[in-house]
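Before any comments, here is the structure.
Convention: sequence-line order gives letters A, B, ...; per-chain numbering from 1. The analysis underlying the following values was restricted to heavy atoms, covering all of them including side chains, and did not include hydrogens, waters or symmetry mates.
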Amino acid sequence: MSILEARDLTKIYSTGFTALNSVNLEIREGEVMALLGPNGAGKTTLISIICGITEATAGTVLVGGHDNVTSAMQARQLIGLVPQEITLEPFEKVIDTMRFSRGLFGMRSNDAHLDRLLDKLSLTDKRESRVHTLSGGMRRRVLIAKALSHEPRILFLDEPTAGVDVELRNAMWQTVSELKDDGVTIILTTHYIVEAEAIADRVAIINKGEIRIVEDKQELMARMGEKQITIELADAISMIPDVLAEYNLELSSCGRELDYRYDARASRTGITTLLNGLREAGLQMTDIQTRQSTLEEIFVKLMQDDQ
Amino acid sequence: MNTRAIVTIYRMEMARFFRTLTQSFVSPVLSTSLYFVVFGAAIGSKIQEVDGVEYGAFIVPGLMMLTIMTQATSNASFGIYFPKFIGTIYEILSAPVSFLDVTIGYVGAAATKSLFIGTVILVTARMFVDFSIQNPFAMLAFLILTCLCFSLLGFIIGIWASNFEQLQLIPLLVITPLVFLGGTFYSISMLPPLWQSITLFNPVLYLISGFRWSFYGHADVPVSISLLAISVFTLVCMLVIRWIFKTGWRIRS
């Protein structure tokens, strides 16, 4: 069941720049959707329109069935937004800035809920601290706490791990996973494809203001990804034997390794015949490794195809 | 109407005010005291009375107006400009709040602050000169209306401004001169006929005149015109703010 739908969304700025061109996107309730795209692809513009910060030139957005322009109040009530930039009132206390966010959404004060959020985000000991005394990573967590303070059903995370260290990034992924378990729908934009690979259920790739692909992450990786076998040889060779020419092998590691790429979904992968061919060529193996294309490799390939 | 959002914005703005209470309190007290020393004691000793009122007492309503107009404008403009400047405006724009909710929250807080400062000045002035208030309810009405309409004006300036320089531009180059030339320290009857006629085009004159009438029963222009002027000014500001929120001018891209 979809909780958010963007239909034919177009945004042309006053400068004439088309940031979005007839974008259609459907988000299912409870999923983690990763919105991937290079700089200037239109990710933040799309989020800003959905959240009501930017006005669309054309098209509609339905949030939980509510049009975000004609029924803006009902639509916005369902959304929490963690912006890309760390934007916080520096002299406010952490708990006060969370109370402010909750109050803005017309919610009755509920410090117990806010304390649970602080606990979940490891900010309990910073409850009474002023925002300007916190580290960058903590401030980013405060932004998440604020976005969740009014108990939204949809959470937008606009590049939440930009510029954060590995430890915090992993903690952030853990938080996303827990939020998903709590039933929150999460839309994540990121430059780090590894992030999408780690936590997303589905992936939408946007480039030049247009959605190129919306697909289940596993299906996308299986469909567009390649598998590779690396065969380690006992003795180095200087050229690939003629009997193995049909496999388009690549020689690496100074002639000690042979790389073979194949389509994992094909009915005949050619692995068995390749191994037979190796024996025929008199090559001795010491090890075999397999690896699959990462989402990042698929993304880069798609972007290159786009140009 | 999102009442909780209004209260939330109002409380946050008041909290900012109370965080800098010393500055908020000391600054108007000090400047008012200086005005009394310079205009009341030094110059006032040469003027004696204006419209039958001792000069020191005569300038009290004008001084109050001078301060609350500038304070209301700067408080309201800063209140909405600061979230724009640091980027937290996204919260307001993405929250389920109407233009009216946001305006009531910010303008209400700015008006309350300037009302507080106005009261502080009134008390400070009482320490320097003896005066009475003939129409206390009218005085309160004028005070509240002036705080309100200049807070609305400040709110518009805060939305319009794209840097701190612009934020100060209108208060410094427009409001302060108009207040000084609007009869803060004198009655327009003291001016030559030509300047009397020119001063009638200064909207601030009507506010100061009406306010002074509530103190001493004397006005440069009829009180009804003063009330009409302040009401029209308030209405125009509200219509401008409504248009801003409807079109997203300077707040939504």
From CZ (A:Arg102) to CZ (B:Arg4), nearest 0.5 Å: 9.0 Å
B:Thr8 side, atom OG1; A:Met107 side, atom CE - distance, nearest 0.5 Å: 12.0 Å
B:Glu165 atom CD, neighbour heavy-atom count above 12 within 6.0 Å: no
Greater than 12 external heavy atoms within 6.0 Å of B:Arg242's CZ: no
Any A:Phe91 side-chain heavy atom under 4.5 Å of B:Arg16 side chain: no
Side-chain heavy atoms of B:Arg11 within contact of A:Arg99, under 4.5 Å: no
Residue B:Thr247 versus chain A: region with a heavy atom under 4.5 Å: backbone
Most contacts with chain B, counted as non-hydrogen pairs under 4.5 angstrom, among A:Gln77, A:Gln74, A:Arg108: A:Arg108
Residue selection (most heavy-atom pairs with chain B, distance under 4.5 Å) from A:Glu85, A:His150, A:Glu92: A:Glu92
Proximity of residues 86-119 of chain B to chain A, residues having a non-hydrogen atom under 4.5 angstrom: B:Ile86, B:Gly87, B:Thr88, B:Tyr90, B:Glu91, B:Ile92, B:Leu93, B:Ser94, B:Ala95, B:Pro96, B:Val97, B:Ser98
Proximity breakdown for A:Ile47 and chain B, heavy-atom pairs closer than 4.5 Å: neither
A:Ile79 portion near chain B, given a 4.5 angstrom heavy-atom threshold: neither
